[in-house]
Structure formats: C-alpha cells, structure tokens
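Both ligands and their constituent atoms are indexed starting at 1 by order of listing.
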Amino acid sequence: MLKNKLIEELENYFAEDKERINHALRVTCFAEELIDIFKEKHPKKDINEQVIIYSAVLHDIGIKNAELKYDSSAGHYQEIEGPPVAREIMESLNVDFEMMDEIAEIIAHHHTPGKVSSNNFKLLYDADWLVNLPEVYNLKSKNKVEKEKLIEKVFLCEIGKELARKEFLANN
Ligand SMILES: [Fe+2]
C-alpha cells in the first residue's frame, strides 16, 4: 500500500527526528480510527480514505524547512513549507494529480480551520488534535468541565469530539 511507502519517505525525511515521525504515525492511527467511525455513522457521506491517511502521514512535513528557514515551527510557516515537500514525495510515488492537490491543500491549512470545509480535512484536523490536545492545552491541569469545553471548542466533527471525550474524559 502507498501508505507504507509514504511512511518510509517520512522516516527518511525526518531521519533522527523520531518525535516528528511518531507524531505523524499517531495522527495516522487516529485518522484511521475516525475514518472507521465515520463510515459506520455516515455510510452515505463521501470521504476519501486515501486522501485523509496520506494527509495524516505528511501533514507536518513542513516543520523541518520551517525550522531551517525561519527558525520557527509555527503553524503558519509549516503551512507554507509543507505542501512543496509533500508534493515532491507524492510525485516520486506517482500519486495522482487530483489527489495530490487536495492533500497539498489540506496540509496548507491544517492549522487554520475554516478555509477548507471537506470532511477529509475535518477528519485529519481532528486526528491531529487528538494527539496534540494534552500537551498544547496542558490537559492535566484542567478539571472535567474545562476539558469538556475545550473539546467542544477545538474539534470540528462530532465523531472527533466523541473520540476525544473517550480519550480524555474517561476515568476522570
Ligand atoms: Fe500535527
């Protein structure tokens, strides 16, 4: 499957930076979980699993050049630097053009929701937050009500919110 080749490319690209590789793999896992839930809950709605999974593998690929060029891993720079690198990798693996455009667009906006409104985008966005939420919002310091509010605010899809509640509110 192309996913595995993309993961190989990701590992080559980030090399010693295991943290970035692990992040992408964890986001990909959550993306796959969300895809399964989405298909079960909305069998008639259209999503493109490959677009979501490939976007998940490559979504933060811009971080390396952002740090090299601007000495910053800020989301804005990642969004600029990610798409060209992602395209180069996808071109080398002969991903079709239409799919490549959509993935590049998702990567270009994955820190700024609202501009791309597809379900493909929303599932990738929520998968990323399922990994990032504890650290970005120091979840350990929050009580249950605060966590609930945060989940409501951050996640775009109902299934993203549900999975977040399961991950972060259970046993609390
Ligand atoms: Fe990410």
Over 12 non-hydrogen atoms of neighbours within 6.0 angstrom of CG in N143: yes
Can you list the residues that meet the side chain to side chain donor-acceptor pair (under 3.5 Å) rule with E11, with sequence neighbours excluded? none
With sequence neighbours excluded, what pairs up with E32 under the side chain to side chain donor-acceptor pair (under 3.5 Å) test? K3
With sequence neighbours left out, write down each residue that passes side chain to side chain donor-acceptor pair (under 3.5 Å) with E81, or none if nothing qualifies. K69, Y70
More than 12 heavy atoms of other groups within 6.0 Å of R26 CZ: no
Over all atoms of both residues, closest heavy-atom pair of P83 and Q78: CD-O, 4.3 Å
Around the Fe ion (ligand 1), number of protein N/O/S atoms which are nearer than 2.8 Å: 4
